[in-house]
Amino acid sequence: MKNVTAVEIVLSYVSLGWAYVLFTSPLLFESSDNWNQVQQIMPYEWLVGSVAFVAAMIKIIGLILKNKRIRWIGLIMSAVFWITIAAGMLIAKGYLDFTTGFVVYSGMAILSLWTSKEVMLDGRTD
């Protein structure tokens, strides 16, 4: 089994960074139109930060325990999280707006899904 993938490390790093910013910025959602749709789904910065933190910690625990099922769960959680953020950015202005935020966060969701597949297929011979 592959012990660590670079994607898992980067996703965990970004999620932990996001959690920190969201825990320490209680008025972030009020500062930008891009956050309006995200705020409709998850109304509090601390809630979004908690989701990011939990997804990162599950991946980290899976890496420490070398458990691909736990890693897979963390990656799927990350994919759902980043899809939610990307979708919020995409429709924040009331129409489809392909911003850099949408591109980056949807890319992170794709990387999460792709890596989840690779983690579960690692070591298989079929």
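- Between the S116 side chain and the L113 main chain, a donor and an acceptor come within less than 3.5 Å of each other.
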Given side chain to side chain donor-acceptor pair (under 3.5 Å), test T115 with E118 step by step and report yes or no.
-> CA-CA 5 Å; T115 306; E118 288 183 351; 4.9 Å; no

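- The side chain to side chain contact (heavy atoms under 4.5 Å, CB included) test applied to L22 returns W18, L28, F29, E45, V48, not counting sequence neighbours.
- Residues A19 and G49 share a closest heavy-atom pair of CB-O, 3.4 Å.
- Here the rule is side-chain contact (heavy atoms from CB on, under 4.5 Å) with I61, and of I64, L65, I58, L63 only L65 fits it.
- Put simply, the side chain of D97 never gets that close to the backbone of T99: no donor and acceptor are under 3.5 Å apart.
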After noting the C-alpha distance and the side-chain angles of S112 and L11, does the key distance pass the side chain to side chain contact (heavy atoms under 4.5 Å, CB included) rule?
-> CA-CA 8 Å; S112 297; L11 287 171; 3.2 Å; yes

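- Put simply, the side chain of V10 does not reach to within 4.5 Å of the side chain of M108, judged on heavy atoms.
- With sequence neighbours left out, the side chain to side chain contact (heavy atoms under 4.5 Å, CB included) criterion links T24 to Y20.
- Contact of the L111 side chain with the W114 side chain is not registered, since no non-hydrogen atoms from C-beta on lie closer than 4.5 Å.
- Hydrophobic clustering of Ile, Leu, Val, Met, Phe, Trp and Tyr side chains at less than 4.5 Å, counting indirect connections, keeps W72 apart from I110.
- Residues passing the side chain to side chain contact (heavy atoms under 4.5 Å, CB included) test with L96, sequence neighbours excluded: L90, I91, F98.
- When side chains are defined from C-beta on, M77 does not count as touching K59, because their heavy atoms never get closer than 4.5 Å.
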Please lay out, stage by stage, how V104 and W82 fare under the test side chain to side chain contact (heavy atoms under 4.5 Å, CB included).
-> CA-CA 9 Å; V104 169; W82 294 118; over 6 Å; no

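- Under the 4.5 Å side-chain criterion, counting only non-hydrogen atoms from C-beta, F53 is in contact with L16.
- Between F23 and S50, some side-chain heavy-atom pair lies under the 4.5 Å cut-off.
- When hydrophobic clusters are built by joining Ile, Leu, Val, Met, Phe, Trp and Tyr residues whose side-chain heavy atoms come closer than 4.5 Å, directly or via intermediates, M89 is not grouped with V21.
- Contact check for R71 versus N67: no side-chain heavy atoms found under the 4.5 Å cut-off.
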